[in-house]
Amino acid sequence: MAPNLASDILNFYQQVYEIVNLVPKGRVTTYGAIAKAFGTVRSSRMVGMALVAAHDTDCNLPIHRVVNRNGLLTGKIHYHRPTMQELLEADGVRVINDQVIDFQQIFWDPLSEL
DNA sequence: CACTTGACGAGCT
DNA sequence: TAGCTCGCCAAGT
């Protein structure tokens, strides 16, 4: 491999983007699930940061399909226009009070589904 | 250069 | 059941 300084970190972000990009429409995933997919279960925070960086890197990713483990739209605060709820509902996901309905039902696990 | 905050999660009390 | 603490690591101030 080529452990070039922060290049390893960028690789981490790239991993997150790829997973998020693979999330099927109408499904949602969690930070912990993505982190667990990399083996960094306790680094779930890093996943969120990757999404923040994603805003400046590429906004084409369905990052609105990523919610916290409680099914709550925690990342909504970082959205400028159409809120996550609008985007999620556009995908067929029902959201009430920033909370995903039947979250457990539409939950997409990158480890099981991928 | 050092401290604080942060799209989280899990464990313990 | 609910509330508090710790771990993780990076970015921003």
Side-chain angles (χ1 to χ4, degrees):
Chain A
M1 295 51 172
N4 278 339
L5 302 173
S7 298
D8 200 31
I9 300 169
L10 294 175
N11 185 14
F12 182 86
Y13 289 170
Q14 186 60 52
Q15 290 279 60
V16 176
Y17 304 151
E18 190 171 329
I19 295 292
V20 174
N21 193 26
L22 291 173
V23 177
K25 181 180 179 183
R27 301 288 143 121
V28 293
T29 187
T30 68
Y31 306 97
I34 297 173
K36 187 175 288 188
F38 305 142
T40 55
V41 188
R42 290 171 162 96
S43 300
S44 45
R45 277 181 159 157
M46 307 295 87
V47 178
M49 286 184 169
L51 297 182
V52 174
H55 255 285
D56 188 62
T57 304
D58 190 341
C59 296
N60 295 35
L61 297 173
I63 53 185
H64 59 268
R65 290 178 188 157
V66 183
V67 295
N68 71 349
R69 124 91 173 131
N70 196 22
L72 195 71
L73 279 58
T74 51
K76 171 189 173 181
I77 60 181
H78 280 275
Y79 264 77
H80 301 285
R81 245 179 330 307
T83 56
M84 287 179 80
Q85 182 171 341
E86 291 295 310
L87 292 170
L88 285 170
E89 290 194 317
D91 284 339
V93 179
R94 287 168 293 183
V95 180
I96 297 179
N97 194 8
D98 300 339
Q99 183 184 297
V100 178
I101 305 302
D102 296 327
F103 164 69
Q104 188 184 46
Q105 200 170 295
I106 64 177
F107 173 65
W108 183 78
D109 190 343
L111 285 177
S112 297
E113 308 295 317
L114 197 55

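Protein chains get the first letters and strands the later ones, always in sequence-line order, with residue 1 at the start of each.
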### Message
Using every non-hydrogen atom in the two residues, find where A:I106 and A:I101 come nearest and quote the distance to one decimal.
### Response
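The pair with the smallest heavy-atom distance is CD1-O, 4.1 Å.
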### Task
For A:Y31 and A:G75, work out which heavy atoms get closest and say how close.
OH-N, 4.2 Å
### Task
Would you check if A:N68 and A:T30 make a side-chain contact, meaning some heavy-atom pair closer than 4.5 Å?
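Contact flag for A:N68/A:T30 side chains = no.
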### Query
Does the side chain of A:V20 reach to within under 4.5 Å of the side chain of A:R65, using non-hydrogen atoms?
no
### Query
Is it the case that one hydrophobic cluster holds both A:V66 and A:Y79, taking links as side-chain heavy atoms less than 4.5 Å apart, direct or via other members?
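Yes, same cluster.
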### Shortest side-chain distance from A:M49, nucleotide among B:dA10, B:dA7, C:dA10
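Nearest nucleotide to the side chain: C:dA10.
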Starting at [atom1] of [X] and ending at [atom2] of [N], how long is that distance when rounded to a whole Å?
X: A:F38; N: C:dC8; atom1: CZ; atom2: C1'; result: 15 Å
X: A:L72; N: B:dA7; atom1: CG; atom2: P; result: 12 Å
X: A:L51; N: B:dA7; atom1: CG; atom2: P; result: 11 Å
X: A:N70; N: B:dA10; atom1: CG; atom2: P; result: 11 Å
X: A:M46; N: C:dA10; atom1: CE; atom2: P; result: 7 Å
X: A:H55; N: C:dG12; atom1: NE2; atom2: C1'; result: 17 Å
X: A:I34; N: B:dC8; atom1: CD1; atom2: C1'; result: 11 Å
X: A:F12; N: C:dA11; atom1: CZ; atom2: P; result: 11 Å

### Query
What does A:L73 touch in the nucleic acid at a heavy-atom separation under 4.0 angstrom: a base, only the sugar-phosphate, or nothing?
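The answer is nothing, as A:L73 stays clear of every strand by at least 4.0 Å.
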### Message
Does B:dA10 have OP1 or OP2 under 4.0 Å away from a side-chain N or O of A:R42?
### Response
no
### Query
5'-most contact on DNA chain C: A:Y13 or A:S44, nearest heavy atom basis?
A:S44
### Message
Can you say whether a donor on the side chain of A:R45 sits under 3.5 Å from an acceptor on the base of C:dC9, or the other way round?
### Response
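Check fails, no donor-acceptor contact within cut-off.
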### Query
Of A:K36 and A:Y79, whose closest DNA chain B nucleotide lies nearer the 5' terminus?
A:Y79
### Query
Distance between the C1' atoms of C:dG3 and B:dA7, in whole angstroms?
22 Å
